[in-house]
Each structure stands twice: as structure tokens, then as C-alpha cells.
Amino acid sequence: MTETLRILRPDDWHLHLRDGAMMKAVLPETARHFARAIIMPNLVPPVVTSSDAAAYRDRILGALPAEQSFEPLMTLYLTEETDPEDVAAAHESGLIKAVKLYPAGATTNSASGVRNFDRVRPVLERMADIGLPLCVHGEVTSSEVDIFDREAVFIDEVLDPLRRSTPGLRVVMEHLTTREGVEYAREGGPDLAATITTHHLVINRNHLLVGGIKPHYYCLPVAKREEHRLALRAAATSGDPSFFLGTDSAPHPDRLKEHACGCAGCFTATNTLSILAEVFEADDALHQLETFTSLNGPQFYRLPPNAEHITLRKGAPNEYPSHISAGDEQVTVFDPGFPLHWHVEP
Ligand code: NCD
Ligand code: ZN
């Protein structure tokens, strides 16, 4: 039986760090285990221009504890006013590694997102020319479409036409939640990939809704039926280069999660690697953990994998905190509902 696992240091290809006191609280939780992360730009106001991204990167590095090292991989929030020249210059200088597409209204802080895709066509064409990936929140937002169907409908009605009309555009389908998404990503060739979160490998919609509503399991895209969770598990543990870890760790204060209109987002930065080791072990796939957390992401983003390693060791269950403090607020750490035996060695 495997008791230790040495893997290249992981990266997180989808992370919400927020700003201010919240960022100060959550950044060390990620930097403890991860070398780099794609930083989502959905602040209020969003990170839209290259100068917004440079300022945000400096605030992140300024909040990083002196004893930690971490590289934020910045993104821009695509709006209908985004200037292709600004995007290209930010890519050329190395400042940004992707642009994020939020359909307007799809999720937390997405009001400035895209309504009319014709208006972002010049940016997308420029991105295809320069090889800059588009990270896509893949849900339609029309009120007629059931929330559980929004990802599958997005693929057919928005993503597939968009990719056909922009040949060469490199796309990451963010936080996949469906079998349809897995199949589409798997068959999309070298210009298409997908991130999978930790929590979507663990919970289905029953965990969210049966026996009382569990606000800390509410995220977007919302967890689907068990068959979809199993498709995600199979994809993540397969070693297929189309799939890599993007935790979508998305902290919100508990008072806004435990609320009549609770915010979407699961905070998983603290215990993600222990959960993933448990999940991969349960599926007899510990040998694929490094591929999912540390190799497939850099390969898609055309970056070298990290040089350092981390070691996971199996032992008595971990004592992770149930909450972390962020200024005056508390943030609940995602509870996978099973004991975590894998420790990340300091
Ligand atoms: C994210 C957030 O809180 O910023 N929430 C979530 O449920 N995943 C936004 C997002 O990634 O959709
Ligand atoms: Zn997200």
C-alpha cells in the first residue's frame, strides 16, 4: 500500500483570491501548497485592463507572507469594451496568461460580462492569433433554461458556435460539472481543455439539498446528478491532458453564505490536496494525481512544470480548521464529508 507520494508542486488553474482582508486571509492557504494559480478577475469593479491586472498582481504579491513564494498568473475580465491592443500588449509583456469570459449574470460579480458576442469578436480573433487562452464560464443565463441544464445548453448554443467561428482560439472550459462537458472537452483537440474543481469530484446535488439545504455546498455551476460527478471523477483520474485542476476556491463570508440569498462558492484552498489524494486513492488512481495537479495545466498553458516537489504522507486523519478568519469575517473550509488521511508535508 502506498504511504508516501512525492509529486511535482501543483498549480491551481482557477482561483479566487478577492482583495483586502479576505485576500490576506486566503492567499497563504493556497501558497502553502501551490506554486502558481490563475487568478480570477471578478473583483468589484472587475480587473478589466492591463493596468488593473498589474495593480492587482502587486497587491497579491504585497499580501504574500515573506516566508512563502507564489506566482499569480493574471487574467483580464472580458467586457464588450475590452481593447484588443491592450490584451495583446498585456500578453506580450508576460503580465497575463488568459482572458476570462463571463456571460453577463452567470455568477458572482459577472454583471460586466458579455451579452453580445459579436462585440468581443475582434478580441477573440486577436487572442487566436497570439495563442492566448480564453477561460470560459460555461453557463447560459436566460431565465427559461433550468439551472441544472445551463452548462450543456451553453456548449451547444454558445461554445461550439464560438469555437467554430474563431478557428485557433484556445479555450479552457472552467469548472466542468457535466458528462456532456467532459465529452466535449475530451474530443476538442489540442486547443481545448477543461478545469475540474475539487468539490465537484466529491459532491452531487443530493449533498447540497437532501436533509436540509447546505449553503457551503452551493457553488456555480451548481453540482449536478451523481452520473455527472462520476464522469468528472473518470476524467480527472484518467490522465487525459484535456483535464487539470482548477479548484475554483471561492471564499465568501459565512454570514453571506448562510443567508436567505446565499452566495455561490466553495472555499477549498486549505484542504484541496488532501481531498484529491483521498479521491484518487479511492479510484485506484494515485499514480495520476501529479498529472492532474502538476503536469496537464502547465502543458496547456505552455509553461514549464514546477521544479520543486511536495510530499504527501498517509497517516491518522488530518485536523484541518473548519473555518479561517478574514478580518472580522469567518470563512468555512469545504467539508468533504469523509476523513482525510493524506498530509502535505511542510
Ligand atoms: C465564484 C465566486 O464566488 O467568485 N463562485 C462560484 O460559485 N464558483 C464565481 C465563479 O467562478 O463562478
Ligand atoms: Zn470561479
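As the structure lists them, so they are numbered: ligands from 1, and atoms in each ligand from 1.
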Inset, instruction - Ignoring hydrogens, just give me the one of Ser249, Ala264, Ala106 whose non-hydrogen atom is nearest atom 5 (N) of ligand 1. - result: Ala264
Inset, instruction - Measure the distances from the heavy atoms of Glu139 to every atom of ligand 1 and state whether one is below 4.0 angstrom. - result: no
Inset, instruction - Determine, for Arg255 against Glu258, whether the closest basic-nitrogen to carboxylate-oxygen distance falls under 4.0 angstrom. - result: no
Legend entry - Lys/Arg-Asp/Glu bridge criterion (N-O < 4.0 Å) met for Lys314, Glu281: yes
Legend entry - Salt bridge Arg119-Glu80, side-chain N to carboxylate O under 4.0 Å: yes
Legend entry - Subset of ligand 1 atoms that lie under 4.0 Å from at least one heavy atom of Cys219: 7 (O)
Inset, instruction - Could you tally the protein N/O/S atoms lying less than 2.8 Å away from the Zn ion (ligand 2)? - result: 3
Legend entry - Numbering as shown, the atoms of ligand 1 that approach His137 to under 4.0 Å (heavy-atom distance): 12 (O)
Legend entry - Enumerated ligand 1 atoms positioned under 4.0 Å from heavy atoms of His14: 11 (O)
Legend entry - Lys/Arg N to Asp/Glu carboxylate O, Glu3 vs Arg313, below 4.0 Å: no
Legend entry - No-hydrogen, no-angle side-chain donor-acceptor test under 3.5 Å, Thr177 and Glu151: yes
Inset, instruction - Considering only NZ, NE, NH1 and NH2 on the basic side and carboxylate oxygens on the acidic side, decide whether Glu85 and Arg126 come within less than 4.0 Å. - result: yes
Inset, instruction - Salt-bridge test for Arg164 and Asp160: reply yes if a basic N is under 4.0 Å from a carboxylate O, no otherwise. - result: yes
Inset, instruction - Take every heavy atom of His252, measure it against each atom of ligand 1, and state whether any distance is under 4.0 Å. - result: yes
Inset, instruction - Measure from NZ or CZ of Arg170 to the centre of the six-membered ring of Phe300, then state whether that distance is under 6.0 Å and the direction lies within 45° of the axis. - result: yes
Inset, instruction - State whether Glu183 and Arg186 are salt-bridged, where the test is any N-O pair (Lys NZ or Arg NE/NH1/NH2 against Asp/Glu carboxylate O) under 4.0 Å. - result: no
Legend entry - Top protein contact for atom 9 (C) of ligand 1, by heavy-atom distance: Thr107 OG1, 3.3 Å
Inset, instruction - Would you check whether Tyr218 has a nitrogen or oxygen atom less than 3.5 angstrom from a nitrogen or oxygen atom of ligand 1? - result: no
Legend entry - Atom CD of Glu67 with >12 non-hydrogen neighbours under 6.0 angstrom: yes
Inset, instruction - Starting from atom 7 (O) of ligand 1, locate the nearest protein heavy atom and write down its residue, its atom name and how far away it is, to 0.1 Å. - result: Leu220 N, 2.7 Å
Inset, instruction - Number the atoms of ligand 1 from 1 as they appear, then name those within less than 4.0 Å of a heavy atom of Asp248, with their elements. - result: 6 (C), 8 (N), 11 (O)
Legend entry - Enumerated ligand 1 atoms positioned under 4.0 Å from heavy atoms of Gly265: 5 (N), 6 (C), 7 (O)
Inset, instruction - With heavy atoms under 4.0 Å as the rule, classify the contact between Asn109 and ligand 1 as side chain, backbone, both or neither. - result: neither
Inset, instruction - Hey, could you give me the CZ/CH2 distance between Arg36 and Trp13, rounded to the nearest 0.5 Å? - result: 4.5 Å
